[in-house]
Number of protein chains: 2
Amino acid sequence: MLGLSKKSDYALLALSYLATNGESRTVRTREIAERFAIPAELLAKVMQRLAKMGWLASSPGPSGGYTLAVSDTSITVGDVVRAVDGGSALTQCMHSPEGSDCEQWANCTIRGPLGFVNERVQDVLNHIPIRDIRERATPASAESELVSIVVPDHSAPAAVRAGASRSHNEGDTP
Amino acid sequence: MLGLSKKSDYALLALSYLATNGESRTVRTREIAERFAIPAELLAKVMQRLAKMGWLASSPGPSGGYTLAVSDTSITVGDVVRAVDGGSALTQCMHSPEGSDCEQWANCTIRGPLGFVNERVQDVLNHIPIRDIRERATPASAESELVSIVVPDHSAPAAVRAGASRSHNEGDTP
DNA sequence: CTAATGCCGACCAATGAGGTCGGAGACCTG
DNA sequence: CAGGTCTCCGACCTCATTGGTCGGCATTAG
Ligand code: FES
Ligand code: FES
């Protein structure tokens, strides 16, 4: 469905919480889970993976928990999604350079162009540090200067404009 | 896993084939299926949905098949994904404006920023017409002028640069 | 009429996401 | 120092979604 998994969602939620509300204290998984009303055990698993990535420092025992081990500007949402969700490419064929994954590598005609699209999406994801994923909505830094997409009119007549603008967020959930 | 579904992949494949190789003749589903070595029945289902969207004209009977009914610049990959895959938003909460879908709408702190990221991704997808998804790799139009992402150095030190560049396409498939 | 094609719905199988369990180690109490 | 408790940790399980299949019906060229 081209969407973040719950795990990625939880990971971003937790990281944002740690970056904002956990200056230099250990935060228990339970605390975050209750704060956001999400299953604690599943979040625990996510936290483990984040810890294994080296982004969180864990300390067991009572008064234990997790602490953000790196700067909140050194991880991007792309990194998080890739780590916790297992790859964030649009198609399989973009993981391995020699098409060992994708079946129709041999006679696929859209690999090149799609790869380009993929890179653009990855660029977007890779340039939003988790610092910008915080309580504040639409962070000023990102809004104004971080990422801006320039799209000249190209060869697209009226139809494209209509279709593109209509379809920003419009979902049919039958 | 944040990736296009097979159905979207097939749809793009078929549309690209029709745009390139089906100037003004009816193309059978079987032909496309065999060309790309994909299951014919599933592709048929995808074709039906594309036809129902009005993008393909269908004609039953012998010597029947499909024809591209609209200009190859009036549909974008965003449109295709959205139609065939059912919504292309990063999270559920971005479909409905009042959080009727997402559970933790009430105490979610990342909705705003993530929504912004979502819009950027959607922008990318909505500005690539299927004309640019063709046999040619990395179409010149898209490469040079269509979409360009400008990202000034912002507040991100060396770590971000390293992380971002490292993680373009690198998948761990355990 | 007959054959070839699209059209439609129901059906089945496998993958993986979401969720759960019991353990191992570290702090705290006495 | 010993026990209890609280935490992380890794393996396990279940089920919804996706990918894929089948058969029957309508439509049209030959
Ligand atoms: S879809 Fe994998 S090579 Fe085209
Ligand atoms: S994830 Fe849906 S509201 Fe935040």
Side-chain angles (χ1 to χ4, degrees), chain A residues 1-11 13-14 18 25-34 36-53 55-67 69 81 84-88 91-92 101-104 173-174, chain B residues 1-11 13-14 18 25-34 36-53 55-67 69 81 84-87 91-92 102-104 171-174:
Chain A
M1 197 254 286
L2 184 69
L4 278 66
S5 68
K6 291 271 172 101
K7 275 189 270 194
S8 300
D9 206 354
Y10 296 163
L13 229 28
L18 280 175
R25 72 189 177 92
T26 58
V27 179
R28 285 162 301 172
T29 300
R30 196 76 57 83
E31 177 180 337
I32 306 181
E34 289 180 2
F36 294 112
I38 58 184
E41 282 86 359
L42 180 55
L43 196 153
K45 192 191 296 188
V46 172
M47 301 292 272
Q48 290 168 213
R49 193 157 291 167
L50 293 180
K52 193 173 283 182
M53 285 287 154
W55 300 333
L56 298 184
S58 69
S59 45
S63 81
Y66 290 98
T67 317
V81 168
V84 82
D85 219 34
S88 73
T91 65
Q92 291 302 102
D101 269 332
C102 195
E103 271 311 314
Q104 52 256 33
T173 53
Chain B
M1 196 255 286
L2 185 69
L4 278 66
S5 66
K6 291 271 172 102
K7 275 188 270 194
S8 300
D9 205 354
Y10 296 164
L13 229 27
L18 280 175
R25 72 189 179 90
T26 58
V27 180
R28 285 162 302 171
T29 301
R30 198 75 58 81
E31 177 180 337
I32 306 181
E34 289 179 2
F36 295 112
I38 59 184
E41 282 87 359
L42 181 54
L43 195 153
K45 197 185 293 188
V46 171
M47 301 291 272
Q48 289 168 210
R49 191 158 294 167
L50 293 180
K52 194 174 285 183
M53 285 288 155
W55 300 332
L56 298 184
S58 68
S59 44
S63 80
Y66 290 98
T67 317
V81 169
V84 82
D85 218 34
T91 65
Q92 291 302 102
C102 194
E103 272 309 314
Q104 51 258 31
D172 43 340
T173 53

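Letters A, B, ... are given to chains in the order of the sequence lines, protein chains preceding strands, and every chain is numbered from 1. Basis for what follows: all heavy atoms, side chains included, without hydrogens, waters or symmetry-related copies.
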Give me the distances for all protein-to-nucleotides 1-8 of chain C N/O pairs that come in under 3.5 Å?
| residue | atom | partner | partner atom | Å |
| --- | --- | --- | --- | --- |
| C:dT5 | OP1 | B:Arg28 | NH1 | 3.0 |
| C:dT5 | O4' | B:Gly61 | O | 3.4 |
| C:dT5 | O2 | B:Gly61 | N | 3.4 |
| C:dG6 | OP1 | B:Thr29 | N | 2.8 |
| C:dG6 | OP1 | B:Thr29 | OG1 | 3.3 |
| C:dC7 | OP1 | B:Ser58 | OG | 2.5 |
| C:dC7 | OP2 | B:Tyr66 | OH | 2.1 |

Notebook entry, point to check: Can you tell if the side chain of A:Gln48 reaches within under 4.5 Å of the side chain of A:Tyr66, non-hydrogen atoms only?
Noted result: yes

Note to self: So A:Met47 and A:Ile32, do their side chains get closer than 4.5 Å, heavy atoms only?
What the structure shows: yes

Next item on the list: Please assess A:Leu4 against A:Asp85 for the test side-chain contact (heavy atoms from CB on, under 4.5 Å), listing each intermediate value before the final yes or no.
Entry: CA-CA 8 Å; A:Leu4 278 66; A:Asp85 219 34; 6.0 Å; no

Between [atom2] on [N] and [atom1] on [X], what's the gap in Å once rounded to a whole number?
{"X": "B:Asp9", "N": "D:dT18", "atom1": "CG", "atom2": "P", "value": "15 Å"}
{"X": "B:Asp85", "N": "D:dT18", "atom1": "CG", "atom2": "P", "value": "7 Å"}
{"X": "B:Lys6", "N": "D:dT21", "atom1": "NZ", "atom2": "P", "value": "11 Å"}
{"X": "A:Leu42", "N": "D:dC8", "atom1": "CG", "atom2": "P", "value": "14 Å"}
{"X": "A:Glu41", "N": "D:dC13", "atom1": "CD", "atom2": "C1'", "value": "14 Å"}
{"X": "A:Leu4", "N": "C:dG18", "atom1": "CG", "atom2": "P", "value": "10 Å"}
{"X": "B:Arg49", "N": "D:dT18", "atom1": "CZ", "atom2": "P", "value": "11 Å"}
{"X": "B:Ile38", "N": "D:dT21", "atom1": "CD1", "atom2": "C1'", "value": "15 Å"}

Check: Think B:Tyr10 has a side-chain N or O under 4.0 angstrom from the OP1 or OP2 of D:dG20?
Finding: yes

Check: How would you label the contact of B:Lys7 with the nucleic acid (heavy atoms, under 4.0 Å): base, sugar-phosphate, or nothing?
Finding: sugar-phosphate

Next item on the list: I would like to know whether A:Leu2 and B:Leu2 meet side-chain contact (heavy atoms from CB on, under 4.5 Å); could you show each step before the answer?
Entry: CA-CA 5 Å; A:Leu2 184 69; B:Leu2 185 69; 4.0 Å; yes

Item checked: Residues that B:Glu31 engages under side chain to side chain donor-acceptor pair (under 3.5 Å), provided they are two or more places apart -> B:Tyr17, B:Arg25

Check: With sequence neighbours excluded, what pairs up with A:Pro62 under the side-chain contact (heavy atoms from CB on, under 4.5 Å) test?
Finding: none

